[in-house]
S.K.: 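Sharing a structure, written as structure tokens. Questions coming.
Order of the sequence lines fixes the chain letters, A, B, ..., with proteins taken first and strands second; residue numbering starts at 1 for each chain.
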Amino acid sequence: MIFKTASGLATVDTIFYGSGECPIGQVLVALSASGVCAILIGANKDELVADLAVRFPKANLVANEHVVHDDLTKVIRFVDKPGEGLDLPLDLRGTAFQRRVWETLRTIPIGTTTTYTELARSIGAPNSVRAVAAACASNPIALAVPCHRVVGSNGDLGGYRWGVERKRELIKKEAMA
DNA sequence: TTTAGAGAACGCG
DNA sequence: CGCGTTCTCTAAA
């Protein structure tokens, strides 16, 4: 669907979504035309859909379990058996800085962790630790963009958009894999 | 559309 | 415990 906006022609895309149950809660997968644009975790479906609506206020959100089925299955399997990895086509939407951070997150091996400081250094912005943390916090694609593998330099877990308990659980599961 | 100000999943002294 | 640093969002002009 195409809309005319003040800034010119903009495509307002349709996003299909579906959710399912996994060991750490309800998980929702959202698909745009070019790939997975969000993976959200929460207590129930309503919460997840509300979250999705906030993140994509201008998109046309359509519930469709069918088109999302395969990807959702992969995600749920990953939570259960992280050792097998999670390979999905992603549609990363964010500022250049955010994408730099998110892309780098994807290079962190399963079962390992890094720190916000180390992450800042590896994207070439050693002084941007706090900004890097903010970029992690705004990651819309849980699990596939493994922001849960970033911890504080002092050994603290740091925060997690979807609850530190889930972060702890994910790190633990990956370590055992 | 530009800009000023506040806040953020941090880390050091 | 407070401050430096970088990036984002919001409100207001």
Side-chain angles (χ1 to χ4, degrees), chain A residues 3-13 15 19 22-30 32 36-44 47-59 61 75 78-79 82 86 88 90-177:
Chain A
F3 285 94
K4 196 89 170 169
T5 70
S7 56
L9 264 188
T11 64
V12 173
D13 44 17
I15 292 176
S19 66
C22 80
I24 58 171
Q26 190 77 196
V27 56
L28 177 149
V29 169
S32 74
V36 174
C37 58
I39 297 179
L40 311 175
I41 309 172
N44 59 67
E47 177 189 327
L48 296 176
V49 176
D51 190 2
L52 187 66
V54 169
R55 287 172 184 271
F56 300 97
K58 288 178 294 194
L61 306 180
V75 171
F78 173 76
V79 174
L86 179 59
L88 296 172
L90 301 186
D91 177 13
L92 258 35
R93 300 176 181 211
T95 64
F97 181 83
Q98 288 171 326
R99 285 201 303 272
R100 234 158 84 217
V101 173
W102 299 341
E103 291 288 358
T104 306
L105 287 175
R106 298 183 68 195
T107 67
I108 305 171
I110 296 167
T112 70
T113 60
T114 187
T115 65
Y116 293 99
T117 304
E118 182 57 38
L119 185 56
R121 195 160 45 199
S122 56
I123 65 166
N127 295 321
S128 315
V129 184
R130 204 155 183 188
V132 164
C136 291
S138 58
N139 166 37
I141 313 184
L143 309 169
V145 175
C147 56
H148 59 277
R149 294 184 197 137
V150 189
V151 301
S153 299
N154 58 7
D156 283 353
L157 259 196
Y160 193 54
R161 170 66 175 72
W162 294 289
V164 285
E165 272 316 307
R166 292 197 176 99
K167 182 173 185 175
R168 193 195 320 283
E169 190 68 18
L170 287 168
I171 291 175
K172 185 174 149 199
K173 277 171 168 293
E174 290 191 3
M176 293 187 301

S.K.: Kindly say if A/T95 contacts the phosphate of C/dT8, meaning a side-chain N or O under 4.0 Å from OP1 or OP2.
M.R.: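 Answer yes for this pair, as a side-chain N or O of A/T95 is under 4.0 Å from OP1 or OP2.
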S.K.: So which nucleotide does C/dC1 pair with, by the Watson-Crick or G-U wobble rule with both distances under 3.5 Å?
M.R.: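 Matched C/dC1 with B/dG13 under the 3.5 Å cut-off.
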S.K.: Starting at atom CD1 of A/I123, determine the distance to atom P of C/dT6, rounded to an integer number of angstrom.
M.R.: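 It is 12 Å, rounded to the nearest whole Å.
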S.K.: Would you kindly give the CG-to-P distance between A/N127 and B/dG11, to the nearest whole Å?
M.R.: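 Roughly 13 Å, once rounded to whole Å.
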S.K.: Can you tell me how far P of B/dG13 sits from CG of A/N154, to the nearest Å?
M.R.: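 Interatomic distance, CG of A/N154 to P of B/dG13: 14 Å.
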S.K.: Side-chain contact, heavy-atom cut-off 4.5 Å: A/L92 with A/Q98?
M.R.: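 No; the side chains remain at least 4.5 Å from each other.
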S.K.: Ignoring hydrogens, what is the shortest heavy-atom contact between A/S128 and A/F97? Give both atom names and the distance.
M.R.: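 A/S128 and A/F97 have their closest heavy atoms at CB-CZ, 4.3 Å.
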S.K.: Side chain of A/F97 only, please: which of C/dC7, B/dA9, C/dT5 is the nearest?
M.R.: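 Selected nucleotide (nearest to the side chain): C/dC7.
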S.K.: Atom CG of A/L157 to atom C1' of B/dG11: distance rounded to whole Å?
M.R.: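 Taking atom C1' of B/dG11 as the reference, CG of A/L157 is at 17 Å.
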S.K.: Expressed as a whole number of angstroms, how long is the span from A/R100:CZ to C/dT6:P?
M.R.: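 It works out to 12 Å between those atoms.
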S.K.: Could you tell me how far apart A/Y160 (OH) and B/dC10 (C1') are, to the nearest whole angstrom?
M.R.: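 Taking atom C1' of B/dC10 as the reference, OH of A/Y160 is at 19 Å.
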S.K.: Out of B/dA9, C/dG4, C/dC7, which has the shortest distance to the side chain of A/R130?
M.R.: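 Of the options given, the side chain of A/R130 lies nearest C/dG4.
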S.K.: Is the distance from OP1 or OP2 of B/dC10 to the nearest side-chain N or O of A/T117 less than 4.0 Å?
M.R.: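 Checking A/T117 against B/dC10: no side-chain N or O falls below 4.0 Å of OP1 or OP2.
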S.K.: Cut-off 3.5 Å, side chains only: do A/S122 and A/T104 have a donor facing an acceptor?
M.R.: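 Per modelled atom types, A/S122 and A/T104 side chains form no pair under 3.5 Å.
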S.K.: Taking atom P of B/dG11 as reference, at what distance in whole Å does atom CD of A/E118 sit?
M.R.: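 These atoms are roughly 11 Å apart.
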S.K.: Would you say the side chains of A/D13 and A/S32 form a donor-acceptor pair under 3.5 Å?
M.R.: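 Side chains of A/D13 and A/S32: no pair found under 3.5 Å.
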S.K.: Could you tell me whether the side chain of A/K173 and the main chain of A/F78 form a donor-acceptor pair under 3.5 Å?
M.R.: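 Side chain of A/K173 to backbone of A/F78, a donor-acceptor pair under 3.5 Å: no, none is there.
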S.K.: Round to the nearest Å and state the distance from A/R168 atom CZ to B/dA9 atom P.
M.R.: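 The distance from CZ of A/R168 to P of B/dA9 comes to 17 Å, rounded to the nearest Å.
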S.K.: Please determine if a side-chain N or O atom of A/S153 lies less than 4.0 Å away from the OP1 or OP2 oxygen of B/dG11.
M.R.: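 Affirmative; the distance criterion is met.
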S.K.: What nucleotide among C/dT8, C/dT6, B/dA9 has an atom nearest to a side-chain atom of A/Q98?
M.R.: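 Out of C/dT8, C/dT6, B/dA9, the nucleotide with an atom closest to A/Q98's side chain is C/dT8.
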